Amino acid sequence: PTQPRSADAQRFRSQSSTVKASQMTALVEHDTVITFGTYDLLHVGHIRLLKRARAMGKRLVVGVSSDALNVAKKGRAPVYSLPERIEMLQELRCVDKVFVEESLEAKRDYVLREGATLLVMGDDWAGRFDSELADVCTVLCIPRTESISTTATIERITTK
Ligand code: C2G
């Protein structure tokens, strides 16, 4: 479903003086925006990232990490299984398509396959993919939401 540009997008754009000149092309409206992640114990930090990414284009495609990839990335299995994580993401208004991300190294293939021209990630990934993907899409890393994470939530619950 296509949606009108949200107030969140307007706000983000109006803060664009914090975006480097090299990233200004990211502020042009894109057709397909892509992002990746595990999205385990879905929380407000994830939602804000997805909403902002969606606001930069006409559709948002999300590559959700397989359970095995999450073990490789974080050394533990996700709390929610892959089918559960896919189902929740698919129900979000800001998400148009979900596919499984099997490997961190396959970004170029995913970007080309999905026809994405903009990759948006949280700034914990800043500088990781920019040069590698520069010829296929624009890469934009946006600020993470402070003081919330899946890992911190797990710790909070398990230490009580
Ligand atoms: N995120 C955020 N604020 C938080 C937590 C997460 O903006 N407080 C963002 C992350 O920066 C990422 C997305 O939400 O862009 C998904 O986060 P994770 O589920 O932790 O996924 P991650 O391990 O970063 O996986 O190929 C790249 C990886 O698969 C990304």
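Keep in mind that this is a model prediction, so the values were computed, not measured. Every number for a ligand or one of its atoms is a count from 1 in the order of the listing.
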For this session: Give the residue, atom name and distance (to 0.1 Å) of the protein heavy atom nearest atom 1 (N) of ligand 1.
Result: R144 NH1, 3.9 Å

For this session: Return yes when H43 approaches ligand 1 closer than 4.0 angstrom through a heavy atom, no otherwise.
Result: yes

For this session: Would you check the N or O atoms of M121, main chain and side chain alike, for any that come under 3.5 Å of an N or O of ligand 1?
Result: no

Exercise. Just checking, any donor-acceptor pair under 3.5 angstrom between side chains of N70 and S65?
Worked result: no

For this session: Answer yes or no: are there more than 12 heavy-atom neighbours, outside E87 itself, under 6.0 Å from its atom CD?
Result: no

Exercise. Judging by distance only, is a nitrogen or oxygen of D124 under 3.5 angstrom from one on ligand 1?
Worked result: yes

Exercise. Can you tell me if S149 has a non-hydrogen atom under 4.0 Å from ligand 1?
Worked result: no

For this session: Tell me which protein heavy atom sits closest to atom 28 (C) of ligand 1, plus the residue, atom name and distance to 0.1 Å.
Result: K73 NZ, 3.4 Å

Exercise. Does an N or O from D40, backbone or side chain, lie closer than 3.5 Å to an N or O of ligand 1?
Worked result: no

Exercise. Judging by distance only, is a nitrogen or oxygen of I148 under 3.5 angstrom from one on ligand 1?
Worked result: yes

Exercise. Does T35, backbone or side chain, put an N or O under 3.5 Å from an N or O of ligand 1?
Worked result: no

Problem set entry | W125 N/O under 3.5 Å from ligand 1 N/O | yes

Exercise. Less than 4.0 Å between a side-chain N and a carboxylate O, is that true for D67 and R85?
Worked result: yes

Exercise. Using 30° and 60° as the class limits, which term best fits the ring planes of Y110 and F99: parallel, tilted or perpendicular?
Worked result: tilted

Exercise. Looking at K74 and D40, does any basic side-chain N land under 4.0 Å from a carboxylate oxygen?
Worked result: no

Exercise. Within less than 4.0 angstrom of ligand 1, does R48 place any heavy atom?
Worked result: no

Exercise. Would you call R144 and D123 a salt bridge, taking side-chain N to carboxylate O under 4.0 Å as the test?
Worked result: no

For this session: Look at atom 13 (C) of ligand 1 and say which protein heavy atom is nearest, naming residue and atom and giving the distance to 0.1 Å.
Result: Y39 OH, 3.6 Å

Exercise. Would K58 and D96 pass as an ion pair if we require N to O under 4.0 Å?
Worked result: no

For this session: Among all protein heavy atoms, pick out the one at the shortest distance from atom 29 (O) of ligand 1; state its residue, atom name and that distance to 0.1 Å.
Result: E101 OE1, 2.7 Å

